[in-house]
Amino acid sequence: MSQQVQEKYEESYLYKIRHSAAHVMAQAVMEMFPDGKITIGPPVENGFYYDFDLPRSLTPEDLEAIEKRMRGIVQGKHEFNKKVVSADEAKKIFADQPYKLELIAGLEKGELDEYGEPLKEKPEISIYQHDTFVDLCRGPHVENTKEVKQDAFKLMSIAGAYWRGDEKNKQLQRVYGTAWENKQQLKDYLNQLEEAKKRDHRKLGKELEIFVFDEEVGPGLPLWLPNGAIMIEELEKLAKEMEEKAGYQRVRTPNLTKEDLFVRSGHLPYYAESMYPPMELEGVKYYVKPMNCPMHHKIFGSKGRSYRDLPIRLAEYGTCYRYEKSGELFGLMRVRSLQMNDAHMYVTEEQFEQEFLGVIDLYHKYFELFGIEKYVMRLSLHSKAGLGKKYVDNERLWLKTEDMVRRAMTNADVPFVEEADEAAFYGPKIDVQIWSVIGKEFSLATNQVDFAQPERFDLKYTNKEGNEEVPLCIHRAPLSTHERMVGFLIEHFAGNFPVWLSPEQVRVISITDAQNEYAENIAKHLRSNGVRAHADLSAQRMNAKIRQAQLMKVPYMLVVGDNEMAAEQVSLRVRDGSQQNNIPLGEFLERVKDKIARRAREL
RNA sequence: GCCGACGUAGCUCAAUCGGUAGAGCACCCGCCUUGUAAGCGGGCGGUUACGAGUUCGAGUCUCGUCGUCGGCUCCA
């Protein structure tokens, strides 16, 4: 990871432009809806937004009108003027703005800033005015509105957003915009969005026949087509190889269990509403499993364990079902049936660090394999306020395990950032954020400490002294779920998968039907050598066959005509368009086998 | 779940003001025997997501349901 010191976004000129654009937008909206209420409008990645409470819903036409009005305002070259005020003055200024009054009250108490975020020290209260618009704001802003260039911003979308991010609060209307230093930057950004759209896994997934969703099957329940099934099998093969080397054992558990198990694990009170409702049989409730861990705990507990047996690492890629809220579903990234790259490791306290880092090590191997260059590890911690609610109520163990993770990461010199109030209910975790080659962010892998469940399941091992001890458990899924991983890989590679992952690795293309038999024999020969190859013997022209193979992003095309047939050779066309003629079939086979064996990214 | 937008053939899209639903690709049948991204001709294919309503008449207007998308919330 590059450790270059970068200018902080909050201190950048771009940040000021976006913040100012948000104010200009708020002015435009308030001029159109004088009775509207303003809330907050911060810069965000790539742009800004402002949340309003308006008498009616905004339409796409409104967006155009707002944008037009904004252009007029910025051309007016109005200065941004800051003024520090007392809380009472501020209350007077925003007398008819209830949301602002709420924010002022927070500032006054010194608890929350103007965005409702917790504060460390009591802040000064300031307002910013430009033209007809005044906002409660700590800034900073640009000098005048003309610095928000009229051809360097664009309103992007209208969305609902809860006041202060709490779904119990009123839903506001959020207008998203993007703003840049100049026209070219805006254009580049919009192009980048177009580019991302072309890579969208939902689009490519359909085009490359990897998966489909069917209304009649149900939302969030993907059907894996043969090409997708191949990719998943390759991922499993990879994971099994890696885990076998790392001493994991594979287990299998049912998709259905009695309610008691999830009561015991402690999941039910936390997650009942996001589990499929139970079915009742002979007076007993059964749930479809949303996770594998309770059953792995049962396997651990199925016999007496010695410290000599530990660590025990149980792996399973079982299918789990989670009833995600309808609005949360998103392509393959958020689904209701999922296969986790799951394993649970039972360790002693002394073994913890090494085992935890062993998982981090797996991450790095996967990153390298897939060419993931940018990533951040986030250590998610508990919050004191959440104890007994979001989190298991045992502060001592929280602090202890959090520190164990922190120490392990620091000792191994793995950079990480800490996030408060983001842990799992049973312990702290490391989540990994990664970025695809075009800079789109994904949350994939997870590595979680669990100090709660082993105890709940009464898991024990006998230590050297002959006393019983409770092991720690590490939950980990370096490849996330198959669904998310495939979605990521589609976008990361834009469907141009490395050979080992490509559903079809070689397509043999006969020029006329005189070479059909030769082509078919080549395909058979490759298949018998473990290469996924097919011959296109259709009555189409060679060019059409090549086009189709290109569209399906097949890495290697072997074109065979009379010349190749006579010489027992092939003409190789690589997916990138390059071409090599007169290659002996055996030579090509060695090349493909090598790329597959090494899981090489290059063709 | 909430706010908003959208839903036409397997896919990508068209259909003026409410007036008989159309094209390309795919698929099927022929002809062509071809040298590195689409050869030509013909055919099949729709209860316009589903259900109600308004209307002489609805793909188009209204309501409901389902689904998808942009966000919010959530993600063991």
Side-chain angles (χ1 to χ4, degrees), chain A residues 49 51 54 57-60 62-63 156-176 200 202-203 206-207 209 212-220 262 265-275 289-294 320 322-331 333-336 338 340 342 390-391 422-427 429 431 443 446 448 450 452-453 475 477 481 484 509-516 539-551 557-564 571-575 577-581:
Chain A
Y49 68 78
D51 285 348
L54 302 175
S57 293
L58 291 171
T59 64
D62 291 327
L63 222 55
M156 304 300 281
S157 64
I158 308 158
Y162 301 106
W163 168 236
R164 295 196 148 171
D166 187 335
E167 65 181 325
K168 290 185 203 79
N169 288 342
K170 180 158 185 183
Q171 191 153 43
L172 308 166
Q173 295 192 66
R174 175 171 295 180
V175 180
Y176 277 98
D200 191 312
R202 294 165 296 186
K203 178 176 180 285
K206 189 180 274 178
E207 287 172 6
E209 296 182 18
V212 292
F213 285 98
D214 186 292
E215 277 197 32
E216 227 168 327
V217 174
F262 296 115
S265 70
H267 282 95
L268 212 49
Y270 291 96
Y271 299 107
E273 81 290 346
S274 47
M275 286 166 69
K289 73 172 166 185
M291 83 295 290
N292 303 307
C293 40
C320 297
R322 296 178 178 183
Y323 192 76
E324 305 282 3
K325 292 193 219 164
S326 57
E328 289 161 353
L329 300 173
F330 172 69
M333 295 300 165
R334 204 62 189 277
V335 288
R336 287 182 173 164
L338 49 115
M340 275 189 287
D342 208 5
K390 266 173 89 171
Y391 307 117
E422 291 287 334
F425 78 85
Y426 45 66
K429 59 177 179 173
D431 281 326
S443 288
T446 182
Q448 315 177 337
D450 182 350
Q453 289 192 67
H475 303 233
T481 65
R484 234 177 235 203
I509 293 169
S510 56
I511 295 178
T512 75
D513 52 15
Q515 302 91 37
N516 279 359
Q540 300 172 94
R541 296 251 177 316
M542 175 202 67
N543 275 325
K545 295 185 188 181
I546 288 174
R547 180 164 192 272
Q548 273 156 25
Q550 286 285 162
L551 289 175
M557 284 154 260
L558 299 182
V559 179
V560 293
D562 283 336
N563 300 338
E564 286 77 11
S571 169
L572 169 65
R573 183 192 163 100
V574 184
R575 185 172 56 202
S578 66
Q579 189 183 332
Q580 272 173 276
N581 296 329

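Naming convention: chains lettered A, B, ... in sequence-line order (proteins, then strands); numbering from 1 in each chain.
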Mark up nucleotides 29-36 of chain B, 5' to 3', with B wherever a protein heavy atom is under 4.0 angstrom from a base atom, S wherever such an atom reaches only the sugar-phosphate, and - elsewhere.
-> ---BBBBB
If you look at every strand shown and take non-hydrogen atoms under 4.0 Å, does [X] touch a base, only sugar-phosphate, or nothing?
| X | value |
| --- | --- |
| Y162(A) | base |
| Y176(A) | sugar-phosphate |
| P290(A) | base |
| G266(A) | nothing |
| Q173(A) | nothing |
| Y270(A) | nothing |
| F330(A) | sugar-phosphate |
| R575(A) | nothing |
| R322(A) | base |

Given the [atom1] atoms of [N] and [M], what is the spacing between them in whole Å?
| N | M | atom1 | value |
| --- | --- | --- | --- |
| C17(B) | U60(B) | P | 15 Å |
| A58(B) | C44(B) | P | 27 Å |
| G30(B) | U16(B) | P | 39 Å |
| U73(B) | C3(B) | C1' | 12 Å |
| G4(B) | U20(B) | P | 34 Å |
| A14(B) | C27(B) | P | 24 Å |
| A21(B) | C13(B) | C1' | 13 Å |
| U65(B) | A9(B) | C1' | 24 Å |

Spatial distance of atom CD1 (I509(A)) from atom CG (L558(A)) [nearest 0.5 Å] =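 Spacing of CD1 (I509(A)) from CG (L558(A)) equals 8.5 Å.
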Determine whether [X] and [Y] make a side-chain contact, defined as any pair of heavy atoms from C-beta on separated by less than 4.5 Å.
| X | Y | result |
| --- | --- | --- |
| Y323(A) | M275(A) | no |
| P290(A) | H267(A) | no |
| R322(A) | M291(A) | yes |

Between [N] ([atom2]) and [X] ([atom1]): distance, integer Å:
| X | N | atom1 | atom2 | result |
| --- | --- | --- | --- | --- |
| L551(A) | G24(B) | CG | C1' | 15 Å |
| K203(A) | C13(B) | NZ | P | 9 Å |
| K168(A) | C72(B) | NZ | P | 18 Å |
| K325(A) | G71(B) | NZ | P | 17 Å |
| I158(A) | C72(B) | CD1 | P | 15 Å |
| E207(A) | C11(B) | CD | C1' | 9 Å |
| D214(A) | G10(B) | CG | C1' | 12 Å |
| E209(A) | C25(B) | CD | C1' | 13 Å |

For R202(A) and F330(A), run side-chain contact (heavy atoms from CB on, under 4.5 Å): C-alpha distance rounded to whole Å, both residues' side-chain angles, the deciding distance at 0.1 Å, then the answer.
-> CA-CA 9 Å; R202(A) 294 165 296 186; F330(A) 172 69; 3.1 Å; yes
Return the nearest nucleotide to the side chain of [X]; candidates are [options].
| X | options | value |
| --- | --- | --- |
| R174(A) | A38(B), A76(B), G71(B) | G71(B) |
| A159(A) | A76(B), U73(B), G71(B) | G71(B) |
| E167(A) | G67(B), A76(B), U73(B) | U73(B) |
| Q448(A) | G1(B), A38(B), A76(B) | A76(B) |
| R334(A) | G70(B), G71(B), C74(B) | C74(B) |
| S274(A) | U12(B), G1(B), A76(B) | A76(B) |

Tell me the partner of G70(B), counting only Watson-Crick (N1-N3 plus N6-O4 or O6-N4) or G-U wobble (N1-O2 and O6-N3) with both under 3.5 Å; none if nothing fits.
-> C3(B)
Considering every strand shown, what is the Watson-Crick or G-U wobble mate of U12(B) when both distances are under 3.5 Å?
->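 Paired with A23(B).
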Candidate list Q580(A), Q550(A), Q579(A), test side-chain hydrogen bond (donor to acceptor under 3.5 Å, both in side chains), partner R573(A), passing option |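 Of the listed options, the one satisfying the test is Q550(A).
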Applying side-chain hydrogen bond (donor to acceptor under 3.5 Å, both in side chains), run through E564(A) and Q515(A) and close with a yes or a no.
-> CA-CA 9 Å; E564(A) 286 77 11; Q515(A) 302 91 37; over 6 Å; no
Taking 4.0 Å as the cut-off, does a side-chain nitrogen or oxygen of [X] come that near to OP1 or OP2 on [N]?
| X | N | result |
| --- | --- | --- |
| S157(A) | G71(B) | no |
| K429(A) | A76(B) | yes |
| Y323(A) | C74(B) | no |

Any side-chain to backbone donor/acceptor pair from [X] onto [Y]? Under 3.5 Å, distance only.
| X | Y | result |
| --- | --- | --- |
| R484(A) | S443(A) | yes |
| K545(A) | S510(A) | yes |
| Q448(A) | A424(A) | no |
| T59(A) | D62(A) | yes |

More 5' along RNA chain B: D200(A) or A544(A), using each one's nearest nucleotide?
-> A544(A)
The answer to which of G331(A) and S326(A) contacts RNA chain B further toward the 5' end, by nearest nucleotide, is S326(A)
Has the side chain of E328(A) got a donor or acceptor that lies under 3.5 Å from a partner of the other kind on the base of C75(B)?
->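 No, no donor-acceptor pair under 3.5 Å.
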